[in-house]
Each structure stands twice: as C-alpha cells, then as structure tokens.
Visitor: 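Before I ask anything, let me first share the structure, which is written out below as structure tokens.
We're numbering straight along the sequence, starting at 1. Note: hydrogens, waters and symmetry copies are ignored here, and every other heavy atom, side chains too, is used. In each ligand, atom 1 is the first atom listed, and ligand 1 is the first ligand listed.
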Amino acid sequence: MLIYDISYDDLKKFMVDNNQKPFRAEQVWQFVYKKKVDSFQDMSNLPSDLIELLENAFSFKALDLVVKHQSQDGTLKCLYGLHDGHLIETVLMKHHYGNSVCVTTQVGCNIGCSFCASGILKKKRDLTAGEIIAQIVQTEKLLGERINYIVVMGIGEPFDNYKNLMQFLQTVNHPKGLAIGARHITVSTSGLVPKIKEFAHMGLQVNLAISLHAPDNDTRSRLMKINDRFHVEEVVEAIKYYLAETKRRVTIEYILIDNVNDTLEHAQRLAVLLRGMNVYVNLIPYNSVLEVDYKRSTIESQMQFYDHLKKNKIQVTLRKEQGHDINAACGQLRSQHL
Ligand code: SAH
Ligand code: SF4
C-alpha cells in the first residue's frame, strides 16, 4: 500500500495495532505531507523498529515521470507512469493568484464523451486515493513551489471513483495533511445525478463544477453518451438540490464547439435553463483533439454566446487559454504516448 493511501485515523489505528504510540501517526504525516520526504529512512527522529515496520507495510513510490512539457505561459504538463505501467497526466498551471494542479482520477474514462481524448480509451482502472495525492506531492516537488489550488479535471470521471475521491479530498484538506483549503479545490463531473446529490452532504466546502456543454437533450446526447442515462432536466434538478442543500454556487462548464453547441439558439436555451440559479458559466473554447473532427468555435460565435448570457444576467466567463500549445485538454498527451 502507498503511504499516501492511508487515512490519518487508519494510520493511528495501525500504530496502536502494532504496539506503537498513536502520536507516531502525527509524526509520520508531518514527514509525508509537511516535510514531504521521499523515504521512511528520511524520517530522522523515528525509532528504527518503527521505520522497519513502516517500510514493510507501505511504499512511497507511486509515479515515474515519463515526459514533461513546459508551455510558454508556464503551464507544465507531466506524463506519469503508475506501478503497473499505465500512464496518467497531471497539469500544473501558474496563475497570478497561485499555482494549481489538475489531477487524474482514472486510467481512461467510461463516460465516452465524443469530444474528449480521455474517453476514446475505455477505463482500465480507478486510481487509488494515494495515487491522486501523489500527483500533487510530486508535481509540487518538480516545481519547487507550493500548490495552492486543486482542480479534479484530468483524465477520468471523479464521481465514478467516488470512494477514493472522498478519501483524497479528506487527506488534501486535512490540517495535518496537505492542508489545502476546501474552497481552493474544485471537482468536475459529467453529471452523475445520484452522486451530485450525495456530494451535497459530504461536509466539505469543496467547489463543484458540472460539465453541461448543451442546454437540450438532442445536442447533449450527441456530445455525451451519459446524457441518455441522466437527461439535462435531471442534471439541472440535481444541481438545484445541491444548491438548496449547500447554499454554494455551482460552476457550469460549457465547451464551445463550432456549429455543434455554440449557436445563438443554444445560448438562448441555456439562459432560460439556468435562469434564477446561483451558478456561473465557464465558457471554454474547445481544444481540438487529433482523433476527433470537432472544431473550436469562431471568436465571433464565442463572443455572441458570451454576450447573450451576460445580457440575460447569467454570470459568465470566457476562459483564457492555458497550455494550448502543449495540448492542454485532458488526455491528449497520454493518447500520444499509447
Ligand atoms: N470527467 C469530468 C472531469 C474531467 S474532464 C468531466 O467531464 O467533467 C474536465 C473538463 O475538460 C470537462 O468539462 C471536459 O468537458 C473538458 N474537456 C474535455 N476535452 C476537452 C477538449 N478537447 N477541449 C476543451 N475541454 C475539454
Ligand atoms: Fe470522461 Fe470527462 Fe472526458 Fe467525458 S469529458 S470522457 S466524462 S474525462
């Protein structure tokens, strides 16, 4: 088991079960998440029998850096190999307000969106909580600066790996763990309705983003196979439930694809659909994917869409590109190396 895979409470229990003092758990987490050491041997003030015990039970080695690409705007894209040879991506973005990391949650994805490089390959397996945490720890070491924000928007559908996602969130947010504030963490989902409702009760103030991408079932089903299971109306109803339960604002992600979901009529329908809801729409110009025919919306269509939402008092931003020159869209670097 990876050392990043065990929760604080379970580590305490592990200590007790092995005739160690429970406070050793706190010391070990100090080394793992504050000092960020690479081995148990580096845990300088621990007794040698405890180091041996830990070495026999846990490992540190989670990810091998296979390739890294740096783009001109400072975005760093890392391709990591897992212990069983699978490849995943982690993207680091530098903003004026801090550094954020975009993490992968699954090897591939089963949701099968027609525009997405990650979905072209079926899911091979879920990542463990520790493998998601390790992406942050390792990328932080690579950068040599602290990571302040986490976006769960890499390869995979986080709500299809719910249990591990929850443990990941607990550990990165834990004051004795990475201590990244819940408000600095965003989870993006393709809209698994029951999980959106469950997430409303998870008890952490983590931000939720929903990949809507279309205001009607015809368009959405064309883009996202999952829409046949959870229709637009059900997704919107789940968002309303989440808003009522948490009193938090939800982000609606909407990629703009030329002539598919970016017409004035789409914008009009979206404005009606979201009227009165405490949401903000993040418009993302589509990044072309080698294997797919879709094209990015023209600047005129992007502006027309943005202006219509704005005029109708929907909070909206049009995303400024990051890492376009190194294929920033999720899964693209990985698909080039398979
Ligand atoms: N599976 C989750 C999270 C990972 S995808 C989800 O779908 O929400 C994160 C975001 O990247 C989603 O909004 C997704 O639609 C978007 N995305 C995927 N491929 C893209 C591409 N080629 N260009 C722009 N955005 C893309
Ligand atoms: Fe999976 Fe998200 Fe890509 Fe859809 S957009 S295939 S849900 S990773």
Visitor: Output yes when Lys197 and Glu237 qualify as a salt bridge under the 4.0 Å nitrogen-oxygen rule, no when they do not.
Guide: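 Result for this pair is yes, salt bridge flagged.
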
Visitor: Would you mind telling me if ligand 1 is within reach of the side chain of Glu253, the backbone, both or neither, using heavy atoms under 4.0 Å?
Guide: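 Within the 4.0 Å criterion, Glu253 contacts ligand 1 through side-chain atoms alone.
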
Visitor: Relative to the heavy atoms of Glu157, which atoms of ligand 1 are at a distance of less than 4.0 Å?
Guide: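 Selected atoms, number and element: 1 (N), 2 (C).
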
Visitor: Could you tell me which atoms of ligand 1, counted from 1 in the order shown, lie closer than 4.0 angstrom to a heavy atom of Val289?
Guide: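 The list of qualifying atoms is 22 (N).
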
Visitor: In plain terms, say whether Arg125 and Glu131 are close enough for a salt bridge, that is, a side-chain N and a carboxylate O under 4.0 Å apart.
Guide: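 Judged by the 4.0 Å cut-off on N to carboxylate O distance, Arg125 and Glu131 do form a salt bridge.
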
Visitor: Compute whether any side-chain donor of one residue and acceptor of the other, for Ser71 and Asp73, lie under 3.5 angstrom apart.
Guide: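 Yes.
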
Visitor: What atoms of ligand 1 come within less than 4.0 Å of a heavy atom belonging to Gly154?
Guide: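 Ligand 1 atoms under the 4.0 Å threshold to Gly154: 4 (C).
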
Visitor: Side chain, backbone, both or neither: which part of Asn287 has a heavy atom under 4.0 Å from ligand 1?
Guide: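 For Asn287, the contact with ligand 1 is made by both the backbone and the side chain.
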
Visitor: Can you tell me if Cys109 has an N, O or S atom under 2.8 Å away from atom 4 (Fe) of ligand 2?
Guide: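 No.
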
Visitor: Atoms of ligand 1 less than 4.0 Å from Thr189 heavy atoms?
Guide: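 Ligand 1 atoms under the 4.0 Å threshold to Thr189: 6 (C), 8 (O).
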
Visitor: Report, as yes or no, whether the 6.0 Å neighbourhood of atom NZ on Lys295 holds more than 12 heavy atoms from other residues, nucleotides or ligands.
Guide: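 For Lys295, atom NZ is not crowded (no more than 12 foreign heavy atoms under 6.0 Å).
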
Visitor: Could you work out the complete set of other residues in the hydrophobic cluster of Val16, with links drawn between I, L, V, M, F, W and Y side chains under 4.5 Å apart?
Guide: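 Grouped by the 4.5 Å side-chain rule, Val16 forms a cluster of one, so the answer is none.
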
Visitor: Check each of Gly156, Gly191, Ser211 against atom 2 (Fe) of ligand 2 and report the one with the nearest heavy atom.
Guide: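 Result: the heavy atom closest to atom 2 (Fe) of ligand 2 is in Gly156.
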
Visitor: Check each atom of ligand 1 against the heavy atoms of Ser211 and keep those under 4.0 Å away; list them by number with element.
Guide: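 Selected atoms, number and element: 6 (C), 7 (O), 8 (O), 12 (C), 13 (O).
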
Visitor: Please name all residues satisfying ring pair (Phe, Tyr, Trp, His ring centres under 6.0 Å) with Phe58, sequence neighbours left out, ordered by chain then number.
Guide: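 Phe58: ring pair (Phe, Tyr, Trp, His ring centres under 6.0 Å) contacts with Phe14.
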
Visitor: For ligand 2, which part of Cys113 has a heavy atom less than 4.0 Å away: the side chain, the backbone, both, or neither?
Guide: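 Both backbone and side chain.
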
Visitor: List ligand 1 atoms under 4.0 Å from Gly156, heavy atoms only on the residue side.
Guide: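 In order of numbering, the contacting atoms are 1 (N), 2 (C), 3 (C), 4 (C).
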
Visitor: Testing the 3.5 Å rule here: is there a donor-acceptor pair between the side chains of Asp262 and His266?
Guide: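 No, no side-chain donor-acceptor contact under 3.5 Å.
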
